[in-house]
Amino acid sequence: MAKKPAARKKSAAKGKATARPKPLAKARPQAKPKPAAKAKGGARPLAAARPAVARPKAAPKPRAAAATKAARQPVLAAATGTRPIFPRQQPETLRLRGLSAGLTVDDLARSMRFWVDGLGFYVKERWERNGVLGGVSLVAGGCEVNLSQDDWAKGRGRLKGVGVRLYAEATEDLGALAERVRRRGVPAAGPVVAPWGARVLHFNDPDGFQLTIFQDMGG
(Lines give C-alpha, C1' and ligand atoms only; values in the text may rest on other atoms or scores of the structure.)
Protein backbone atom coordinates (compact mmCIF):
# COMPACT_ATOMS: atom_id res chain seq x y z
CA MET A 1 0.00 0.00 0.00
CA ALA A 2 1.46 3.41 -0.97
CA LYS A 3 2.23 6.10 1.68
CA LYS A 4 0.32 9.33 1.65
CA PRO A 5 2.58 12.12 0.36
CA ALA A 6 0.55 14.82 2.08
CA ALA A 7 1.35 13.51 5.49
CA ARG A 8 5.06 13.59 4.74
CA LYS A 9 4.98 17.16 3.62
CA LYS A 10 3.12 18.14 6.76
CA SER A 11 5.63 16.45 9.05
CA ALA A 12 8.53 18.00 7.16
CA ALA A 13 6.99 21.41 7.48
CA LYS A 14 6.69 20.82 11.16
CA GLY A 15 10.37 20.10 11.46
CA LYS A 16 11.43 23.13 9.47
CA ALA A 17 9.13 25.60 11.21
CA THR A 18 10.93 27.91 13.64
CA ALA A 19 9.60 28.46 17.14
CA ARG A 20 7.71 31.76 17.51
CA PRO A 21 8.99 34.10 20.22
CA LYS A 22 6.73 34.44 23.20
CA PRO A 23 5.12 37.90 23.56
CA LEU A 24 6.60 40.09 26.29
CA ALA A 25 4.52 40.41 29.42
CA LYS A 26 2.88 43.78 29.81
CA ALA A 27 4.44 45.97 32.49
CA ARG A 28 2.21 46.17 35.52
CA PRO A 29 1.32 49.65 36.69
CA GLN A 30 2.98 50.62 39.93
CA ALA A 31 0.71 50.12 42.84
CA LYS A 32 -0.48 53.34 44.52
CA PRO A 33 0.77 53.73 48.07
CA LYS A 34 -1.86 52.74 50.52
CA PRO A 35 -2.91 55.44 52.96
CA ALA A 36 -1.58 54.95 56.42
CA ALA A 37 -3.96 53.19 58.63
CA LYS A 38 -5.76 55.35 61.14
CA ALA A 39 -4.76 54.93 64.72
CA LYS A 40 -7.21 53.56 67.14
CA GLY A 41 -9.58 56.03 68.68
CA GLY A 42 -10.03 58.10 65.52
CA ALA A 43 -6.62 59.81 65.71
CA ARG A 44 -5.21 61.10 62.47
CA PRO A 45 -2.11 59.44 61.01
CA LEU A 46 1.15 61.19 61.69
CA ALA A 47 2.35 63.44 58.89
CA ALA A 48 5.62 62.70 57.24
CA ALA A 49 8.52 64.32 59.06
CA ARG A 50 9.57 67.60 57.45
CA PRO A 51 13.22 68.53 57.20
CA ALA A 52 14.32 70.69 60.12
CA VAL A 53 14.65 74.37 59.25
CA ALA A 54 17.04 76.50 61.29
CA ARG A 55 15.12 79.38 62.86
CA PRO A 56 16.67 82.48 64.39
CA LYS A 57 16.71 82.41 68.15
CA ALA A 58 14.15 84.70 69.76
CA ALA A 59 15.48 87.53 71.85
CA PRO A 60 15.30 86.82 75.58
CA LYS A 61 12.14 88.17 77.17
CA PRO A 62 12.61 91.02 79.63
CA ARG A 63 12.19 90.25 83.26
CA ALA A 64 8.86 90.86 84.86
CA ALA A 65 8.25 94.54 85.51
CA ALA A 66 7.46 93.93 89.16
CA ALA A 67 10.71 92.06 89.76
CA THR A 68 12.75 94.65 87.87
CA LYS A 69 11.24 97.59 89.74
CA ALA A 70 11.57 95.88 93.08
CA ALA A 71 15.27 95.37 92.44
CA ARG A 72 15.90 99.02 91.68
CA GLN A 73 17.34 101.26 94.35
CA PRO A 74 16.30 104.90 94.86
CA VAL A 75 18.11 106.90 92.21
CA LEU A 76 19.01 110.58 92.51
CA ALA A 77 19.54 112.17 89.09
CA ALA A 78 21.88 114.95 90.18
CA ALA A 79 22.57 116.01 86.62
CA THR A 80 18.92 116.91 86.00
CA GLY A 81 18.19 118.20 89.48
CA THR A 82 15.35 115.75 90.05
CA ARG A 83 14.46 114.11 93.35
CA PRO A 84 14.91 110.41 94.23
CA ILE A 85 12.71 107.92 92.36
CA PHE A 86 11.49 105.06 94.54
CA PRO A 87 10.13 101.76 93.21
CA ARG A 88 6.39 101.29 93.46
CA GLN A 89 4.97 98.82 95.92
CA GLN A 90 3.49 95.62 94.56
CA PRO A 91 0.56 95.54 94.55
CA GLU A 92 0.25 99.30 94.19
CA THR A 93 -1.66 100.97 97.00
CA LEU A 94 -2.64 104.39 95.66
CA ARG A 95 -1.90 106.50 92.60
CA LEU A 96 -2.80 110.20 92.52
CA ARG A 97 -2.22 113.11 90.13
CA GLY A 98 -2.69 116.05 92.47
CA LEU A 99 -3.82 117.28 95.85
CA SER A 100 -5.83 120.34 96.85
CA ALA A 101 -6.48 121.80 100.28
CA GLY A 102 -9.76 123.04 101.77
CA LEU A 103 -9.55 125.72 104.49
CA THR A 104 -12.40 127.17 106.55
CA VAL A 105 -11.73 130.84 107.35
CA ASP A 106 -13.21 133.49 109.62
CA ASP A 107 -13.30 136.27 107.03
CA LEU A 108 -13.34 135.19 103.41
CA ALA A 109 -12.66 138.68 102.02
CA ARG A 110 -9.62 139.10 104.30
CA SER A 111 -8.26 135.67 103.33
CA MET A 112 -8.63 136.48 99.64
CA ARG A 113 -6.55 139.63 100.10
CA PHE A 114 -3.76 137.44 101.48
CA TRP A 115 -3.95 134.57 98.98
CA VAL A 116 -4.95 136.49 95.83
CA ASP A 117 -3.71 140.07 96.21
CA GLY A 118 -0.66 139.16 98.28
CA LEU A 119 0.67 135.78 97.12
CA GLY A 120 -0.68 135.88 93.57
CA PHE A 121 -3.23 133.04 93.41
CA TYR A 122 -6.07 133.63 90.96
CA VAL A 123 -9.75 132.81 91.42
CA LYS A 124 -10.72 129.75 89.42
CA GLU A 125 -14.28 129.39 90.74
CA ARG A 126 -16.66 131.20 93.08
CA TRP A 127 -19.45 129.62 95.15
CA GLU A 128 -22.41 131.79 96.07
CA ARG A 129 -25.65 131.12 97.92
CA ASN A 130 -28.51 133.58 97.67
CA GLY A 131 -26.12 136.13 96.20
CA VAL A 132 -23.65 135.82 99.10
CA LEU A 133 -20.09 134.60 98.42
CA GLY A 134 -19.49 131.48 100.48
CA GLY A 135 -16.26 130.09 99.02
CA VAL A 136 -13.65 130.28 96.29
CA SER A 137 -11.28 127.93 94.50
CA LEU A 138 -7.81 129.47 94.12
CA VAL A 139 -5.13 128.18 91.76
CA ALA A 140 -1.43 128.90 91.26
CA GLY A 141 0.28 126.62 88.75
CA GLY A 142 -0.53 123.06 89.76
CA CYS A 143 -1.60 123.99 93.31
CA GLU A 144 -5.19 124.54 94.40
CA VAL A 145 -6.48 125.99 97.67
CA ASN A 146 -10.21 126.17 98.46
CA LEU A 147 -11.40 128.74 100.98
CA SER A 148 -14.81 128.48 102.66
CA GLN A 149 -16.47 131.06 104.89
CA ASP A 150 -17.15 129.67 108.37
CA ASP A 151 -20.89 129.39 109.05
CA TRP A 152 -20.23 129.50 112.82
CA ALA A 153 -22.17 126.28 113.37
CA LYS A 154 -19.40 125.17 115.77
CA GLY A 155 -19.15 128.52 117.53
CA ARG A 156 -17.18 131.67 116.92
CA GLY A 157 -13.56 132.29 117.76
CA ARG A 158 -12.36 128.69 117.44
CA LEU A 159 -8.75 128.12 116.35
CA LYS A 160 -8.35 126.99 112.77
CA GLY A 161 -4.75 126.94 111.51
CA VAL A 162 -2.99 125.39 114.50
CA GLY A 163 -0.76 122.51 113.40
CA VAL A 164 -1.60 122.89 109.70
CA ARG A 165 1.16 123.60 107.18
CA LEU A 166 0.93 123.42 103.39
CA TYR A 167 3.97 122.87 101.14
CA ALA A 168 4.26 124.07 97.55
CA GLU A 169 7.23 123.80 95.19
CA ALA A 170 8.16 126.98 93.32
CA THR A 171 9.51 127.25 89.79
CA GLU A 172 10.72 130.84 90.22
CA ASP A 173 13.46 132.41 92.33
CA LEU A 174 12.38 132.65 95.97
CA GLY A 175 14.29 135.87 96.55
CA ALA A 176 12.30 137.67 93.85
CA LEU A 177 9.07 136.16 95.15
CA ALA A 178 9.78 137.35 98.71
CA GLU A 179 10.43 140.91 97.52
CA ARG A 180 7.24 140.96 95.48
CA VAL A 181 4.91 139.79 98.26
CA ARG A 182 6.53 142.10 100.81
CA ARG A 183 5.81 145.07 98.55
CA ARG A 184 2.17 143.96 98.66
CA GLY A 185 2.15 144.02 102.45
CA VAL A 186 2.50 140.28 103.14
CA PRO A 187 5.13 139.29 105.76
CA ALA A 188 7.54 136.56 104.60
CA ALA A 189 10.22 134.64 106.48
CA GLY A 190 13.18 133.77 104.30
CA PRO A 191 14.29 132.54 101.94
CA VAL A 192 16.58 130.33 104.00
CA VAL A 193 18.14 126.91 103.53
CA ALA A 194 16.18 124.23 105.40
CA PRO A 195 17.87 121.29 107.18
CA TRP A 196 16.59 118.99 104.40
CA GLY A 197 18.61 120.90 101.80
CA ALA A 198 16.10 123.15 100.01
CA ARG A 199 15.54 126.90 100.03
CA VAL A 200 12.27 127.74 101.79
CA LEU A 201 10.01 130.75 102.24
CA HIS A 202 7.41 130.75 105.04
CA PHE A 203 4.04 132.53 105.29
CA ASN A 204 1.23 132.66 107.84
CA ASP A 205 -2.28 133.42 106.58
CA PRO A 206 -4.79 135.49 108.63
CA ASP A 207 -6.29 132.37 110.28
CA GLY A 208 -2.92 130.86 111.24
CA PHE A 209 -2.58 128.39 108.37
CA GLN A 210 1.11 128.08 107.48
CA LEU A 211 2.43 127.93 103.93
CA THR A 212 5.97 126.91 102.99
CA ILE A 213 7.11 127.51 99.43
CA PHE A 214 10.33 125.62 98.68
CA GLN A 215 12.79 125.20 95.86
CA ASP A 216 15.47 122.56 95.30
CA MET A 217 19.01 123.89 95.51
CA GLY A 218 19.63 122.63 91.99
CA GLY A 219 16.62 124.57 90.63
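For reference, positions follow the sequence shown, starting with 1. The analysis underlying the following values was restricted to heavy atoms, covering all of them including side chains, and did not include hydrogens, waters or symmetry mates.
- Val105 and Val139 end up in different hydrophobic clusters when Ile, Leu, Val, Met, Phe, Trp and Tyr side chains are linked at under 4.5 Å.
- With contacts defined as side-chain heavy-atom distances shorter than 4.5 Å, the pair Leu147/Trp127 does not qualify.
- Hydrophobic clustering, defined by side-chain heavy atoms of Ile, Leu, Val, Met, Phe, Trp and Tyr closer than 4.5 Å, groups Leu159 together with Val162.
- Asn146 is listed as a side-chain neighbour of Ser100, based on a closest heavy-atom distance under 4.5 Å.
- Linking Ile, Leu, Val, Met, Phe, Trp and Tyr residues whenever their side-chain heavy atoms come within less than 4.5 Å places Leu133 and Phe121 in a single cluster.
- Under the 4.5 Å side-chain criterion, counting only non-hydrogen atoms from C-beta, Val145 is not in contact with Leu211.
- Separation of atoms CZ (Arg182) and CG (Leu177) is listed at 9.5 Å; rounding is to 0.5 Å.
- Residues Tyr167 and Val200 have side chains not in contact (no heavy-atom distance under 4.5 Å, counting atoms from C-beta outward).
- Of all the heavy atoms in Gly190 and Leu201, the pair that sits closest is C-CD1, 3.4 Å.
- Residues meeting the salt bridge (Lys or Arg N to Asp or Glu O under 4.0 Å) test with Arg110, sequence neighbours left out: Asp207.
- Between the CG atom of Leu174 and the CD atom of Gln215 there is a distance of 4.5 Å, given to the nearest 0.5 Å.
- Between Leu138 and Val123, the closest side-chain pair of non-hydrogen atoms falls below 4.5 Å.
- Hydrophobic clustering, with ILVMFWY side chains joined whenever heavy atoms are under 4.5 angstrom apart, groups Phe209 together with Val116.
- A search for side-chain hydrogen bond (donor to acceptor under 3.5 Å, both in side chains) contacts involving Thr104 returns nothing, not counting sequence neighbours.
- Connection of Leu166 to Phe203 is established within a shared hydrophobic cluster, with ILVMFWY side chains joined at heavy-atom distances below 4.5 Å, either directly or through further cluster members.
- Pairing each heavy atom of Val181 with each of Ala188, the nearest pair is CG2-CB, 4.2 Å.
- Summarising the geometry of Ser111 relative to Pro206, their closest heavy-atom pair is CA-CG, 4.4 Å, with the distance given to 0.1 Å.
- The distance from atom CE of Met112 to atom CG of Asp107, rounded to the nearest 0.5 Å, is 11.0 Å.
- Residue Ile213 holds its CD1 atom at 8.0 Å from CD of Glu172, rounded to the nearest 0.5 Å.
- Of the possible polar contacts, one joining the Gln149 side chain to the Leu108 backbone as a donor-acceptor pair under 3.5 Å is found.
- At a threshold of 4.0 Å, the pair Arg180-Asp173 does not count as salt-bridged, since none of the basic side-chain nitrogens sits closer than that to a carboxylate oxygen.
- Counting only heavy atoms from C-beta outward, the side chains of Glu169 and Asp216 approach each other to under 4.5 Å.
- Contact detail for Ala178 and Pro191: the closest heavy-atom pair is CB-CD, 4.2 Å.
- Trp115 places none of its side-chain heavy atoms less than 4.5 Å from the side chain of Val136.
- The main-chain N or O of Ser137 is never found under 3.5 Å from a side-chain atom of Glu144 such that the two would form a donor-acceptor pair.
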